[in-house]
Each structure stands twice: as structure tokens, then as C-alpha cells.
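First listed ligand is number 1; within each ligand, the first listed atom is number 1. For the single chain, residues carry numbers from 1 onward in sequence order. The basis for the numbers below is simple: all heavy atoms, side chains too, and nothing from hydrogens, waters or symmetry mates. Predicted, not measured: the structure shown is a model, and the values here were computed from it.
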Amino acid sequence: MTGTPRPLPFRERVLGWTGQIARSPLFWIVLALKLVVSGLAGSDYLTQLFVPFIGRFVAEPLSNPYQTFWSMGLHSNFPYPALMLFIEGLPHLALRVVGLGDLGPRALLVLYRLPLLAADIAIFLILCRWLRTHVALLLRLYWACPLLFYISYVHGQLDAIPVALLMACIYCLISGRHMLAAVLLGCALATKTHIIVSLPIALVYLWQNTSRKKLVAKFLVLSLAVFLFWNLPYIASTGFLRMVFLNPEQGRVGLAQIPVAGGSLAFFIIPALIAGLIAYSLHIHIHNRDLLLSFIGFCFGSILLFVAPAQGWYFWIVPFFAYFFARLSLPYLALFMLLQAAYFLFFALIPGSDYVTVWQFGGAGRQGTLFDLVGTLGINPQLPLNIGFTALQTVLLLCCAVVYHRGIRLAQQHKLTARPYMIGIAGDSGAGKSTLSDGLRALFGARHLDVICGDDMHKWQRGHDRWVEFTHLDPRANELHNELHYLRSIRQNRLIWRRHYDHNTGRFTEDHPIKPRSVMILEGLHAYYLKPARELYDLKIFVKPDADVLLHRKVVRDMRKRNYTKEAVIAAVEKRMADSRKYIVTQERFADIVVSFLSREAISADDIGRPDLAIDERLRITLSNAYFFDTLVDDLHEAVPGNLHHYYDDHDLQVLEFDRPLDIEDIRALAEKHLDGLQDFGVYDPQWRPGWEGLLQLVLGYCIFHGWHDRHAA
Ligand SMILES: Nc1ncnc2c1ncn2[C@@H]1O[C@H](COP(=O)(O)OP(=O)(O)O)[C@@H](O)[C@H]1O
Ligand SMILES: O=C(COP(=O)(O)O)[C@H](O)[C@H](O)COP(=O)(O)O
């Protein structure tokens, strides 16, 4: 009996991206097709040029095939540097070593496609790792992409390998493994010299995001050293130098020109274009993965606009475009499809189109191409060819324009770093302000978020006589106007010098510099006490646990971290109660979001301060009904059914009430789907906290991004 398949749990659906690939019939069907077609097809490039060259290397690994071929007058067999030769030759070499090297032509074609397949899978996995929630679309846009299929498995161009190494380099670059990224870039360069275009972009990215000159220099030296290392066996031979560095393909790109002064002078477009693109990359701030990938795709795309197209070169843009288009709506996807259609049309119309000859069946042969056919009809075949060329370049231009507009220009405008996004966190002593700030810092990372603490503005150090007169909760005991000054400076993105109140010693530290980050939090007892201060925040949060939860938390914290006894803390809390009601509790009304912890059972006096006490509590988050929560709420329901109660009240507010904290994996899955704005920040590996803290990271993170988008939409 067959029933409807049980839906996968939410988190598995979102986070289990590798499982999603493994379960996809499309993945396996396309994989099988790639292997089968590999044995059936191959252009003359592959069969007449590359295969004999690599075969020679496999037969005599210690000789120099570049020199051998060059001296035989065969100058264009293998225009790639040495690592490409090693990678392509490796499977065959391995088989020879175990005595299985004698293979028929079909088997050889498959064998030489294995490194391409490995590269193809690597690119696909990297793209899926980046866009985990878009695996289904990436399967179609990248893995089953007819254009890429044609390039690698029908035609037999090797571009998948340098692109895979470049992708791996970008992966490491973004995740902070800079030296590994340099090694990978050097390897990529040692498989195809065109990669050189991405070297300055990588350097600009590093410089803009680390400002470390030494690191940039090391990256440059290491990548060039790795490039040199792979080529060392052949570097001194003329054959190698001429075949790899001075081949007609490079001329076609590097020497693409506009004739000037009636043809007596030539303007070389590509070097000028690359110089312009590098200058532009210095002007914008490539601060995250999206921008970096969009920019590289844009650069390769722009270069292709000015050169006569070659089949393999489209491998340089399509993976980047697939990453980009996977998150756009249908009309844009249609453009991506159109690009492929235009590609196939153009290469059908070129003279000597290899659509027929690529099929390596016994008798399949050199029948007439479309170009010849059009000629026999009495039409000048140049006309349809030019139309095909115009169509291809126009669609490519449109794709580049979309990538530029949506991927680069808008990303610049939406940059959250135009001025710091200011968050206030207020609440009584022990309410959980610092814990909440720490959670948000873990989410955004210390590079993007910093916290300043209201306690720094106490007027006096611990033990001062005036503390007999005032409690710390009294606004008069705190330099609130000085705080206002700091807040204004931060909002204007200005560095401040500020002391810190050290709760370990009860003393102020020396002033130290604080550089505003993209997100700045002020957490303090009086964050919203002054009216002008309230107006400076983008988001105001108030933390309000039930009285017994608050007292318990404060006692535990003050005993553990501030060396007070339980009795001393309780006495202080009682002494400060009136001020708490008068000055602290009253600030709740100014908050945009109120976070309450509600105990289900009162905590007994004996249990207060017991470090091992597990409080049975609910979390309530009250906030404006302007926030759109429906999709997140749906997924929260699906992740843990019955745990969340979402309702609206009569005061333009909505309430999210959770019975229990969520499992950290559920948080991760929900964030993956609903907090993709984090990536705009360049945060790719947020640290999620267990328990209530993680849930608060998720919901507050969601509010921050929605508030941010609304601010920009307005
Ligand atoms: N969400 C929470 N769940 C459990 N314990 C918490 C939570 N938030 C804070 N606490 C605990 O309460 C105590 C006081 O929190 P803290 O963040 O230092 O408060 P504040 O900064 O408002 O004085 C700490 O011991 C902390 O571990
Ligand atoms: O009211 C507070 C605020 O701190 P928090 O909000 O972090 O509880 C503290 O009691 C004073 O800062 C004095 O601190 P100490 O007793 O360490 O001198």
C-alpha cells in the first residue's frame, strides 16, 4: 500500500541540504547522463588536441610534453599551465600504474571527464552550501544547466576545473581562511591563466575587509608562488612559455581592440576594462559574499561582452549567475534561460559548428553545418550569424545589467553600515540585558556589533560616600547627558573615548577608544530615560522578567560574578525597590519590543539564588503589530507544534508566547530561512545560543532585519 510520503521535519528540510541532493532523482539522472554522454561526445579540441597531449604526458610523465609538441610544430594542443595537465592526466596515470592504462577511445573520453565531473560537483556543493535553502533551484539552474552540460560533457572544454578552484578560493576567503584561499587561487591560476582577473579582486576584498597590508602582500606572494611551483618542471622551456602564455586564445581576449584613427592605432579593450573594474571595486565596498560573487560574475560577463565568444568561456559566468539568479523572481530566471538559448543559437550558426561532429559515433561525420545549409539556400550565412551574435551579446548585456543593478548597486545602497544601527536594551539590574547583548554579539560577530554599557556612566565608584544618598537606579547618580553625547557621536559614526565600570573591582577603567560598528547596542538601566536619547535608537528593547525570576537571576549572578552574599543582594534589591519602580520600570512604555520571562510557579525564598535551580518559565515577546511574522510563525509551528501562541491585542501590539525554548538545530534551520539578511552583513557563520537566548537571537534578529528593510523601503 502506498501512502503520501511523510513530510520531512522542518529542520531536516532546511539544514539537510546534502540529504536533499542525495534524495533528488534529478541529481542522479543528470549525473548518469553526464557520465554516459562523456563517452559519446567530444569536440575536436578534446579528441584531437587535448587527448593526445595528455596521453603523451601519461605515457612519459617525466618528459616535457609542451616542448615535444612545440618542436613537432603542434602549437595549440594544450594552452593550459601545468596543474591542468596534472589534474587531467591523474586518473589515467593512476590506471597505468596499476596496469589498467590501455583503454579504448570512449573509456578515455570518460576518464578525461572525471576531473571535470569532480570540479562540477565541487562547484555545485559550494553553491548549495552557500544557498542551503535554494538547493532545489540550484539543481535546475546549475547542476542540470544545459549550457554547462554542453561545455564539459559534450564539447569537452576544461574550464570547470579553474572555476571550481576559484570557487573554493572564494569559499575560504569569505570564511577567513586567507592563506588556504591564496593557495587555491595559485592552483586555479596554474590551471588557466585567465584566472588572473580575479587576483586583484581578491586582493581588494582582503584589503577592504581586513585593512592588513601584510596579509594582502602575503596573499599575493603565496598565490604567485603556488602558481610558479606547479609550473616549475616546464617553466624554462620555450614550448611551455609560448603555448601557455602566448597562445591565440589569449590574444583573442587580451588583444581585442577598437581600431582608432582609421585603423592606424588600436585601443585594447580588455586591459582597459579590467583596470576600470579594479578601480570600481576600490570605490565600492565589497563587504560580503553576495557582492564578491556578483562582482566577479559581473567582471567575467563584462569581458565576454567585448570578445568573440568561445564555447568554454561561458563556464566563467554561469556558476556566478546561477548563484545570483537563484534568489530572483521568475522574469529574471527567464533571462538566465534566454542566455543559454542565445548561446546554443549562436554556436549553431557559427561556421564549422560542432553540434554534429561532437558525437563520436563510429560513422557520425562531417555533415554540413547550419552555416553551410543557410548558404545553400541562397542566404548570406553571415547575416543569421550576426543576428545570433547580437542576440547572445544583448542577453549577456542584460544579465550583466541585472547583476550590476541588483547585485552591486542596490547592495551598496542597502548597506547597513551607512551609519550604525542603534539598539537600546533597558531593564532592571539582573533582568538579562548583558546576556541579550552577548547573544546579539554572537549572532552578528564582534566585527559587526559592539556593546556599550550604561553602568560606565555611574557617577561614582563602588564604596563612594554618595552611594549612601543615591541608589544606582537613580538617574541623578548617572551621567545621563554625557551618555547622550556618546550616543550622538556613535550615531554619527564617530569614534568615542569612554571609561568602563569594572564590576570585578568596582572601579572605572581608563578611557579607551570605541569605534562604531554596523550595529551598536547600549545596554543600561536608563537607556530610555532621557527623551532625546530615546530618539536616537533604531530599536528599543526592554527586558522584564517576573519579579521572582529577576531576583533569582540577580542573586545568582551577583554571588557568582560580583562576590556578594545572597542576603546582601536581597537587601540591596529591597533598598532599591522604590527607585526601580520609579525610574526603571517606567521606561518599558518607550520600548518597541518587551521581552518578559513568566514563571509558571513562584520561586520559593529558599530556592532564590540556588545555582542549579531550573526555572519553569515561559517567554513572552510583545511588539508592534507592524512586524510581519506570519511566515516565521508558520515555520515555528511546524518546527515545534503547539509551542508558540501568537495573538494580537487591542493596543496595536502583537504577542509571541513560547512555552519552551527551541532546539538549537531548529533555530539554525529557521534562521537559515528567515534571517538571510545576516549575509548582507557578511555574517555566514552566526553563533547560535541554546535555550531562550537562541530563541531571542532568532526573533530579535528577525525584527532587526525587518526594521532595517522597512527603513529602506520607506
Ligand atoms: N534568557 C535567560 N535565561 C536564563 N538565564 C538568564 C537569561 N538572561 C539572563 N540570565 C541570567 O541572569 C543573570 C543576570 O543577567 P544579566 O544579563 O547579567 O543581567 P543585566 O545585564 O540586566 O544585569 C545572569 O546570571 C544570566 O546568566
Ligand atoms: O545596578 C547595577 C547595574 O548593573 P547590572 O545592570 O549589570 O546589574 C549595579 O548594581 C551597579 O552597577 C553597581 O554594580 P556593583 O555592585 O558591581 O558595583
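In this pair, Tyr627 and Phe629 present their aromatic rings tilted. The plane angle is within the 30 to 60° band. Between Tyr648 and His646, the ring planes lie tilted relative to each other; the angle falls in the 30° to 60° range. Aromatic ring orientation, His472 versus Trp467: parallel (interplanar angle below 30°, classes split at 30° and 60°). Ring geometry for Phe470 against Trp460 counts as parallel: the plane angle stays under 30°, on a 0 to 90° scale with 60° as the upper cut.
Nearest non-hydrogen protein atom to atom 15 (O) of ligand 1 is Thr435 OG1, 3.5 Å. In this structure, atom 1 (N) of ligand 1 lies nearest to the protein heavy atom Phe597 CZ, 3.3 Å. Scanning all protein heavy atoms for the shortest distance to atom 19 (O) of ligand 1 gives Gly432 N, 3.1 Å. For atom 18 (O) of ligand 1, the closest heavy atom belonging to the protein is Arg557 NH1, 2.9 Å. At the shortest separation from atom 9 (C) of ligand 2 among protein heavy atoms lies Arg562 NH1, 3.8 Å. Summary of contacts: the protein heavy atom closest to atom 8 (O) of ligand 2 is Ser429 OG, 2.5 Å. Distance from atom 12 (O) of ligand 2 to its nearest protein heavy atom, with residue and atom name: His458 NE2, 2.5 Å. In this structure, the protein non-hydrogen atom closest to atom 21 (O) of ligand 1 is Ser434 OG, 2.5 Å. Nearest protein heavy-atom neighbour of atom 14 (C) of ligand 1: Gly430 O, 3.6 Å. Closest to atom 5 (N) of ligand 1, if we only count protein heavy atoms, is Arg553 NE, 3.7 Å. When only non-hydrogen protein atoms are considered, atom 4 (O) of ligand 2 lies nearest to Asp455 OD2, 2.8 Å.
Nearest to atom 10 (O) of ligand 2 by heavy atom, out of Arg576, Glu523, Gln461, His503, is Arg576. With Tyr564, Trp467, Trp460, Tyr501 as candidates, the residue nearest to atom 18 (O) of ligand 2 on a non-hydrogen basis is Tyr501.
Arg499 contributes a side-chain N or O that, together with a main-chain N or O of Asp456, makes up a donor-acceptor pair within less than 3.5 Å. Put simply, the side chain of Gln587 gets close to the backbone of Leu525: a donor and an acceptor are under 3.5 Å apart. The backbone N or O of Ile286 sits less than 3.5 Å from a side-chain atom of Gln208, completing a donor-acceptor pair. With hydrogens and angles ignored, the 3.5 Å screen pairs a side-chain donor or acceptor of Asn288 with a backbone N or O of Asp290. Judged by distance alone, the side chain of His552 and the main-chain N or O of Gly609 form a donor-acceptor pair under 3.5 Å.
Atoms of ligand 1 lying under 4.0 Å from any heavy atom of Asp428, numbered from 1 in the order shown and given with element: 22 (O). Every atom of ligand 2 is numbered from 1 in the order shown, and the set under 4.0 Å from a heavy atom of Leu525 is 1 (O), 3 (C). Numbered from 1 in the order shown, with element, the atoms of ligand 2 that lie under 4.0 Å from a heavy atom of Arg557 read 5 (P), 7 (O), 8 (O). Within the listing of ligand 2, atoms 6 (O) sit less than 4.0 angstrom from a heavy atom of Lys433.
Both tests hold for Arg327 against Tyr323: distance to the six-membered ring centre under 6.0 Å, angle to the ring axis within 45°. Tyr486 carries Arg498 over the face of its six-membered ring, with the cationic atom under 6.0 Å from the centre and within 45° of the normal.
Remark: ligand 1 and Lys433 share an N or O pair separated by less than 3.5 Å (distance only, no angle test). Residue Arg462 has at least one nitrogen or oxygen atom sitting less than 3.5 Å from a nitrogen or oxygen atom of ligand 2, judged on distance alone. For ligand 2, the polar-atom distance check finds no N/O of Asp428 at less than 3.5 Å from any of the ligand's N/O atoms. Distances between N or O atoms of His472 and those of ligand 2 include no value under 3.5 Å.
Proximity of Leu619 to ligand 1 is not established, as no heavy-atom distance is less than 4.0 Å. Ligand 1 has Ala431 within reach: a non-hydrogen atom of the residue lies less than 4.0 Å from it. Ligand 1 does not have Gly691 within reach: every non-hydrogen atom of the residue lies 4.0 Å or more from it. Ligand 2 is approached by Gly430 to a heavy-atom distance shorter than 4.0 Å.
Lys531 and Glu535 are joined by a salt bridge, as a carboxylate oxygen and a charged side-chain nitrogen come within less than 4.0 angstrom of each other. Look at Asp428 and Arg553 and you find no salt bridge, because none of the NZ, NE, NH1 or NH2 atoms lies under 4.0 Å from a carboxylate O. A salt bridge is absent between Asp579 and Lys582; no separation between the charged side-chain nitrogens and carboxylate oxygens falls under 4.0 Å.
Of all the heavy atoms of Asp558, none lies under 4.0 Å from any atom of ligand 2, so neither backbone nor side chain is involved.
Residues satisfying the side chain to side chain donor-acceptor pair (under 3.5 Å) test with Lys673, not counting sequence neighbours, are Asp635.
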